[in-house]
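One structure is given below, encoded as structure tokens.
Source: prediction; values computed, not measured. Order of the sequence lines fixes the chain letters, A, B, ..., with proteins taken first and strands second; residue numbering starts at 1 for each chain. As a basis for the values below, the full set of heavy atoms in this structure was taken, side chains included, without hydrogen atoms, waters or symmetry mates.
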There are 2 protein chains.
Amino acid sequence: MAKIQSKKNSTKKEVIIEKASKLFREKGFGAASMRDLAEDVGVEAASLYNHIQSKAEILQTICFKVANEFMTNLEQVESSSQSTLKKMEAIIRLHIRMMLDQYEYIYISDHEWRHLPEPYLSNFLSQRRSYRKRLGDIIEEGIAKGEMKHIDPYVAVLIILSAISGIDSWQRSRKSTSAEALETNMVKYLIEGLKK
Amino acid sequence: MAKIQSKKNSTKKEVIIEKASKLFREKGFGAASMRDLAEDVGVEAASLYNHIQSKAEILQTICFKVANEFMTNLEQVESSSQSTLKKMEAIIRLHIRMMLDQYEYIYISDHEWRHLPEPYLSNFLSQRRSYRKRLGDIIEEGIAKGEMKHIDPYVAVLIILSAISGIDSWQRSRKSTSAEALETNMVKYLIEGLKK
DNA sequence: AAATATTACTAACACTTGTTAGTAATTTAT
DNA sequence: ATAAATTACTAACAAGTGTTAGTAATATTT
């Protein structure tokens with residue numbers, strides 16, 4: 001049956017993935033070894049395979065967990081009845097917050113997806129393409145309704161997502177600017193850039 | 001004396017670095033092997049060491065080449081007598097263009113610097129910090145002069161650089177949007193977001 | 001307490017890694 | 001053409017890779 005390990009209410013598999021996410025971010029997926037991971041978990045490398053099937057599976061789990069979370073949120077926003085600007089703001093804020101408190105996961109999903117084995121790689125990229133397309137559709141609608149300025153929707157999506165993804169280089173020097181100030185300023189910049 | 005190899009007027013070392021930059025981007029520094037690289041160059045792995053000293057040296061060369069290029073340009077812009085908005089526009093345009101026609105180099109400098117060995121790593125990060133600080137100073141001056149809107153300069157720099165860095169995910173699907181349209185739209189978005 | 005299922009261990013596998021020695025081939029300088 | 005320097009080759013190294021078998025220890029269920 002379900003095994004409850006560790007101090008928190010989390011499976012050992014979850015512990016492994018959590019430790020792995022930190023390790024993969026620090027050293028990169030390729031350079032992080034299963035023996036490194038085992039040491040972090042406090043176990044021998046071979047023992048990991050009682051809980052996971054492969055190193056790649058860890059990466060898959062992380063990448064698709066993140067992708068699904070964003071996709072679910074997008075569907076909620078799409079089916080809501082806010083203005084297109086409010087929709088984009090909601091999405092931007094979610095991205096920023098997830099970047100702030102699920103940093104490791106998001107970072108890996110953003111930067112290490114290249115190492116996904118097929119067919120997961122194609123699947124992931126297709127999901128990402130679809131996600132961006134749907135963000136672009138919201139912006140397109142915003143332009144059509146006169147709520148947003150005339151700009152290439154695809155480029156706008158690129159800018160917004162990349163800008164948020166760049167918070168990773170803030171994480172390492174988080175003295176001067178607080179998290180709240182960061183979110184406020186980013187939303188201001190990114191939304192003002194859309195407004196007509 | 002100077003050895004002229006290959007078809008073009010380039011040292012074999014330059015050929016190696018050029019091939020390496022493509023390889024490092026595709027597979028990541030850690031996952032790219034010297035044997036992979038050797039095959040691309042058309043030579044045995046051991047022969048590479050007649051021209052380079054180590055795998056890490058290649059990474060160093062690439063990262064600092066890029067860093068120096070940006071730094072030189074920044075100094076020119078700083079000492080010019082344009083408005084702060086024009087200065088930022090000039091910098092943004094340079095970044096976009098370098099991203100477009102020196103894609104491999106910039107990408108590696110952006111994403112693979114983590115694998116630099118000390119003391120190069122510290123050196124690189126310090127240079128990067130300094131670069132961003134000076135960009136922030138331009139924005140701060142822009143705000144003080146009333147040319148730019150009130151925004152945290154550090155966050156603005158973060159957004160601008162990250163947004164441009166995100167062009168890498170455009171490279172792979174460069175059908176719909178042309179390079180000129182991309183630059184125009186990005187400048188529009190990023191500069192409008194600064195203007196008062 | 002006994003039986004069962006789960007997890008950790010040691011040892012080893014086949015393979016890949018960056019790099020070095022030593023030497024042959026080739027290019028450049030005399 | 002001969003000498004000197006440069007570059008490519010083969011072979012090998014020590015170390016590290018993900019992963020599997022087999023087994024001992026531990027926890028869970030009966």
Is the distance between the ring centroids of A:H95 and A:F70 under 6.0 Å? yes
Measuring to OP1 and OP2 of C:dT17, would you say a side-chain N or O of B:S33 lies under 4.0 angstrom away? yes
Could you tell me whether the side chain of A:R134 reaches within less than 4.5 Å of the side chain of A:M71, counting heavy atoms only? yes
Provide, to the nearest angstrom, the distance between the CE atom belonging to A:M34 and the P atom belonging to C:dC13. 21 Å
Determine yes or no for a side-chain-to-main-chain donor-acceptor pair under 3.5 angstrom, with B:S178 supplying the side chain and B:A181 the backbone. yes
Any Lys/Arg nitrogen of B:R97 or B:D101 sitting under 4.0 Å from an Asp/Glu carboxylate oxygen of the other? no
Does B:R35 make a side-chain donor-acceptor contact with the base of C:dG18, cut-off 3.5 Å? yes
Assign B:A32 to base, sugar-phosphate, or nothing according to its heavy-atom contacts below 4.0 angstrom with the strands shown. sugar-phosphate
Rounded to whole angstrom units, what separation is found between the CD atom of B:Q53 and the C1' atom of C:dT20? 14 Å
Nearest-Å distance for atom pair CG/P, residues A:D36 and D:dG18: 8 Å
Closer than 4.0 angstrom, basic N to acidic O: yes or no for A:R93 and A:E89? yes
If you check the B:N50 side chain, which of D:dT7, C:dT20, D:dG18 turns out closest? D:dT7
In whole angstrom, give the distance that lies between atom OH of B:Y49 and atom P of D:dC13. 18 Å
Between D:dT19, D:dT7, C:dT19, which nucleotide has the shortest distance from any of its atoms to the side chain of B:H51? D:dT7
List the steps and the verdict of side chain to side chain contact (heavy atoms under 4.5 Å, CB included) for B:S33 and B:K27. CA-CA 9 Å; B:S33 81; B:K27 314 186 69 169; over 6 Å; no
Euclidean distance, atom CD1 of residue B:I16 to atom C1' of D:dA8 [Å, nearest integer]: 12 Å
Figure out the CG/P separation between A:L37 and D:dT17, and round it to whole Å. 12 Å
Contact list for DNA chain D against residues 39-48 of chain B - heavy-atom distance below 4.0 Å: B:V43, B:E44, B:A46, B:S47
Rounded to whole Å, the CD1-P distance (B:I52 to C:dG18) equals 10 Å
Do any N or O atoms from the side chain of B:S79 and from the backbone of B:E75 form a donor-acceptor pair under 3.5 angstrom? yes
Under 4.0 Å from OP1 or OP2 of D:dA8: is there any side-chain N or O of B:K12 that close? yes
B:Y103 six-ring centre to B:K22 NZ/CZ under 6.0 Å and within 45° of normal: no
Within the distance-only criterion (no hydrogens, no angle test), does the side chain of B:N73 pair as donor or acceptor with the backbone N or O of B:E69 below 3.5 angstrom? no
Between P of C:dT17 and NZ of A:K27, the distance in whole Å: 17 Å
Residues in residues 54-64 of chain A with a heavy atom under 4.0 Å of DNA chain D, by number, are A:S54, A:K55
